[in-house]
Amino acid sequence: MPDNDNIKLEPSWKAKVGDWLQRPEMRELSAFLRQRKQAGAHIFPPGPQIFAAFDATPFEEVKVVILGQDPYHGAGQAHGLCFSVLPGIPVPPSLDNIFKEINSDLGIPRPDHGCLLPWARQGVLLLNAVLTVEEGRAGAHQGKGWEGFTDHAIETLAREREDIVFLLWGSYAQAKGKVIDARRHRVLRAPHPSPLSAHRGFLGCQHFSSTNQFLAQKGKTPIDWRLPPRADLKL
């Protein structure tokens with residue numbers, strides 16, 4: 001990784017977890033990414049968007065955490081927020097199931113795009129465990145060092161903050177969330193929204209209404225899960 005002063009990480013997060021990026025395994029990860037790029041691999045998301053989840057949701061503003069596994073690996077899909085795609089990109093199946101559940105749970109109609117940036121700006125940290133991938137190769141950068149960094153971010157958040165809602169969908173997110181103290185936070189678990197597993201309990205989980213009920217109980221502003229129409233979206 002570049003020197004700490006040059007890392008484009010949102011300032012509040014940089015103060016909390018920036019030192020981790022100086023660790024040897026992160027320098028090895030940086031060298032690996034450079035090597036893959038030189039070999040002609042198309043790496044997603046683009047460099048400036050790798051830390052987009054942190055940029056959109058500063059440390060003290062996090063109210064909800066949704067954990068993903070690794071970025072979408074199709075061209076133009078990943079932009080640094082888990083499950084989200086930029087306007088104009090077809091909504092992937094897992095996100096479509098998330099929208100179905102929001103409609104069932106809260107009566108909110110399906111939006112005309114899949115960009116979740118408005119959630120992030122309200123305090124929903126949309127964090128993948130692995131922050132990069134290669135085109136057409138799901139999981140290509142797993143085990144290369146990102147997991148330690150994102151574990152550290154989650155642990156720091158869980159330790160230093162209180163009353164955050166963690167939405168852990170699928171076994172991978174649930175394993176990653178084992179460090180979260182459920183006495184200090186609200187932890188909601190369900191199967192992954194993927195079409196392979198959504199029918200096993202994600203659909204019908206009512207996590208979105210449960211999240212807002214908890215936030216309201218704690219005196220926090222609930223999340224408006226409606227997304228503005230694509231024509232009104234501010235990127």
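Throughout, numbering of the chain's residues begins at 1 and tracks the sequence.
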Below 4.5 Å, heavy atoms only, C-beta onward: do [X] and [Y] meet side chain to side chain?
{"X": "I98", "Y": "F202", "value": "yes"}
{"X": "K144", "Y": "E25", "value": "no"}
{"X": "W169", "Y": "P191", "value": "no"}
{"X": "L95", "Y": "F99", "value": "yes"}
{"X": "L188", "Y": "F214", "value": "no"}

When hydrophobic residues are tied together by side-chain contacts of less than 4.5 Å, even through go-betweens, does [X] share a cluster with [Y]?
{"X": "L131", "Y": "F32", "answer": "yes"}
{"X": "L127", "Y": "M26", "answer": "yes"}
{"X": "V130", "Y": "L168", "answer": "yes"}
{"X": "I164", "Y": "L167", "answer": "no"}
{"X": "V62", "Y": "V179", "answer": "yes"}

Please check: side-chain N/O of [X] versus main-chain N/O of [Y], any donor-acceptor pairing under 3.5 Å?
{"X": "R184", "Y": "R161", "answer": "yes"}
{"X": "E101", "Y": "Q206", "answer": "yes"}
{"X": "K220", "Y": "D163", "answer": "yes"}
{"X": "N97", "Y": "A198", "answer": "no"}
{"X": "R110", "Y": "K100", "answer": "no"}
{"X": "S209", "Y": "D105", "answer": "no"}

[X]: partners by ring-ring contact (aromatic ring centres under 6.0 Å, His included), with sequence neighbours left out:
{"X": "W119", "value": "W225"}
{"X": "H192", "value": "F83"}
{"X": "H185", "value": "F166"}
{"X": "F54", "value": "W13, F149"}

Polar contact flag, side-chain donor to acceptor under 3.5 angstrom, H141-E134: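 Short answer, yes.
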
Side-chain H-bond candidate by donor/acceptor type, S12 with E10, under 3.5 Å: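 A donor-acceptor contact under 3.5 Å links the two side chains.
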
List in chain and number order the residues that pass side-chain contact (heavy atoms from CB on, under 4.5 Å) with [X], two or more places apart in sequence or in another chain; answer none if no residue qualifies.
{"X": "P48", "result": "P46"}
{"X": "Q77", "result": "Y72, V85, I89, P92"}
{"X": "A129", "result": "T150, Y172, K176"}
{"X": "H73", "result": "V133, A138"}

If I take atom [atom1] from residue [X] and atom [atom2] from residue [Y], how far apart are they, to the nearest 0.5 angstrom?
{"X": "T156", "Y": "D151", "atom1": "OG1", "atom2": "CG", "answer": "10.0 Å"}
{"X": "R186", "Y": "H207", "atom1": "CZ", "atom2": "NE2", "answer": "8.0 Å"}
{"X": "L67", "Y": "L125", "atom1": "CG", "atom2": "CG", "answer": "7.5 Å"}
{"X": "R159", "Y": "I154", "atom1": "CZ", "atom2": "CD1", "answer": "12.5 Å"}
{"X": "I180", "Y": "L157", "atom1": "CD1", "atom2": "CG", "answer": "8.5 Å"}
{"X": "L106", "Y": "I223", "atom1": "CG", "atom2": "CD1", "answer": "12.0 Å"}

Passing option when S30 is tested against E28, R27, R34 for side chain to side chain donor-acceptor pair (under 3.5 Å): R34

Please report the closest heavy-atom contact between [X] and [Y], naming both atoms and the distance.
{"X": "L233", "Y": "P228", "value": "CD1-CG, 3.8 Å"}
{"X": "H79", "Y": "S84", "value": "NE2-OG, 2.7 Å"}
{"X": "S194", "Y": "S94", "value": "CA-OG, 3.3 Å"}
{"X": "I66", "Y": "C82", "value": "O-SG, 3.4 Å"}
{"X": "P109", "Y": "R226", "value": "CD-NH1, 4.1 Å"}

Salt bridge (charged side-chain N to carboxylate O under 4.0 Å, His left out) pairs, two or more places apart, involving residues 61-73: none

Selection residues 75-89 - residue pairs positive for salt bridge (charged side-chain N to carboxylate O under 4.0 Å, His left out), sequence neighbours left out: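 Residue pairs with at least one partner in residues 75-89: there are none.
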
Can you give me every donor-acceptor pair (side chain of residues 37-45, partner residue at least two apart or in another chain, under 3.5 Å) with its distance?
residue	atom	partner	partner atom	Å
H42	ND1	E135	OE1	2.8

Candidate pair L227 and D112, rule side-chain contact (heavy atoms from CB on, under 4.5 Å), full reasoning: CA-CA 9 Å; L227 293 171; D112 63 353; over 6 Å; no

Trace of the side-chain contact (heavy atoms from CB on, under 4.5 Å) decision for C115 with L235: CA-CA 9 Å; C115 181; L235 296 178; 3.8 Å; yes

Audit row: F59, V17, side-chain contact (heavy atoms from CB on, under 4.5 Å) steps and yes/no: CA-CA 10 Å; F59 186 85; V17 301; 6.0 Å; no

Evaluation steps, side-chain contact (heavy atoms from CB on, under 4.5 Å), between D224 and Q122: CA-CA 8 Å; D224 182 359; Q122 295 178 72; 3.5 Å; yes

Listed partners of D232 passing side-chain hydrogen bond (donor to acceptor under 3.5 Å, both in side chains), at least two apart: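 If we apply the side-chain hydrogen bond (donor to acceptor under 3.5 Å, both in side chains) test to D232, skipping adjacent residues, there are no hits.
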
